[in-house]
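In this chain, numbering begins with 1 at the start of the sequence shown. Any value given below was found using the heavy atoms of this structure, including those in side chains, with hydrogens, waters and symmetry copies removed.
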Amino acid sequence: MFSGLSAFPLTPMNESGVDEAAFVRLTERLADASVDSISALGSTGNYAYLTRAERARVAQLAVKHAGNVPVIVGIGALRTREVLALAEDAQKAGASAVLLPPVSYQKLSTDEVFDLYETVAHSLSVPLCVYDNPGTTHFEFSEELYGRIAQLPNVRSIKIPGVPADPEAAKAHVERLRALIPPHVTLGVSGDAFAATGLSAGCEAWYSVIGGLFPKTALAITRAAQAGDTQEAMGLSERLQPLWSLFGQHGGSLRVVATAAELRGLVEHPSLPLPLKALEGTSRQQLAVLLDELDSSLAQAS
């Protein structure tokens, strides 16, 4: 579950609530593609915009419709007591693991973040993945903190936010982290543009946004890297560079992925919680053209 491709599906919604039928369709597509795990309620899953009851329901739907694919459920929240409640809900839903980012409004200290993970790790009956996403949490993990948290019970993976673009620098970075954490804890790369480099540098997993919408494409990159075919993995990733560029232009991947799902008829418009909006006007047209141009690489989206 903490190696290979972990696909992060969108949680489509409007102001009336979660579009459960669309979420089920997205989840079943991932199961049919045989991704290695499904990570529900990550940042692409809009967890921060949902109530506890809505998150519990999404977790239940993910587990029910994932088939034999393990489901990792995000439990990030502002307060430790809320995290513990969400962890309980995820475990009751049948989640195989949980995913925890250090969410905050006030900037957290290193000790506060460690205490959060220590408290949650000791309360769990399922494995935990450390979710390092400084773009949303505004907290940057030190390598030393990775090492401390990795020693806690139930911690089984650390999702790192990308790697250096240079392959040798990326390899050195992964090796340095690997020396700090126990062998039973995997390293997973995120930031889709960095995936091929990270996997080829020694990361065991890819925590993937694009995998939640275009799983076969993401699997092709993952399997090539796992087989040691770095050239193939990098080549497949390079074809998607225009998509990676759009992620950067629009403040991250969420708006782009949501718009792509709408354009491909997988979800209805609107699919994001206000005040968030999918791409409109020229930007939407630009993405539609790009998806058509990338059809050979994203063939499974039909």
Under a 3.5 Å cutoff, is there a donor and acceptor pairing between the side chains of S253 and D192?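 S253 vs D192: no donor-acceptor pair found between side chains.
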
Can T186 and S3 be counted as having a side-chain donor-acceptor contact under 3.5 angstrom?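 Checked: T186/S3 side chains show no N/O donor-acceptor pair below 3.5 Å.
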
Which distance, rounded to the nearest 0.5 Å, do you find between the [atom1] of [X] and the [atom2] of [Y]?
X    : Y    : atom1 : atom2 : answer
Q106 : E112 : CD    : CD    : 9.5 Å
L5   : S208 : CG    : OG    : 5.5 Å
L84  : R79  : CG    : CZ    : 11.5 Å
T44  : Y47  : OG1   : OH    : 10.5 Å
L294 : D292 : CG    : CG    : 9.0 Å

[Y] backbone acceptor or donor facing [X] side chain under 3.5 Å:
X    : Y    : answer
Q91  : S125 : yes
D229 : A224 : no
S190 : I160 : yes
T27  : F23  : yes
N46  : Y49  : no

Quick check: are there more than 12 heavy atoms from other residues, nucleotides or ligands sitting under 6.0 Å from [atom1] of [X]?
X    : atom1 : answer
Q231 : CD    : no
E15  : CD    : yes
R176 : CZ    : yes

Less than 4.0 Å between a side-chain N and a carboxylate O, is that true for D32 and K216?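 Salt bridge: no.
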
Hey, is R52 close enough to D89 for a salt bridge, meaning N to O under 4.0 Å? yes

Please lay out, stage by stage, how K64 and Q60 fare under the test side-chain contact (heavy atoms from CB on, under 4.5 Å). CA-CA 6 Å; K64 180 178 179 180; Q60 293 163 7; over 6 Å; no

V289: side chain to side chain contact (heavy atoms under 4.5 Å, CB included) partners, not counting sequence neighbours: E293

Between L10 and L266, does the side-chain contact (heavy atoms from CB on, under 4.5 Å) criterion hold? Intermediate values first, please. CA-CA 10 Å; L10 179 73; L266 296 170; over 6 Å; no

Go through L287 and L243 one step at a time and tell me if the side-chain contact (heavy atoms from CB on, under 4.5 Å) criterion holds. CA-CA 8 Å; L287 178 59; L243 193 59; 4.2 Å; yes

Kindly give the cluster partners of I72, where membership spreads through any ILVMFWY side chain lying under 4.5 Å from a current member.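 ILVMFWY cluster around I72 also holds M1, F2, F8, L99, Y131, Y207.
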
Before giving the answer on side-chain contact (heavy atoms from CB on, under 4.5 Å), spell out for F141 and I158 the whole-Å C-alpha distance, their side-chain angles and the decisive distance to 0.1 Å. CA-CA 11 Å; F141 283 76; I158 299 174; over 6 Å; no

Do Q226 and R223 come close enough that some side-chain heavy atom pair is under 4.5 Å? yes

Among E28, R25, R29, exactly one meets side-chain hydrogen bond (donor to acceptor under 3.5 Å, both in side chains) together with H65. Which residue is that? E28

Given Q249, R255, E262, the one that forms side-chain contact (heavy atoms from CB on, under 4.5 Å) with L279: R255

Applying the side-chain contact (heavy atoms from CB on, under 4.5 Å) test to L108, which of D115, V103, V113, T137 qualifies?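 Of the listed options, the one satisfying the test is V113.
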
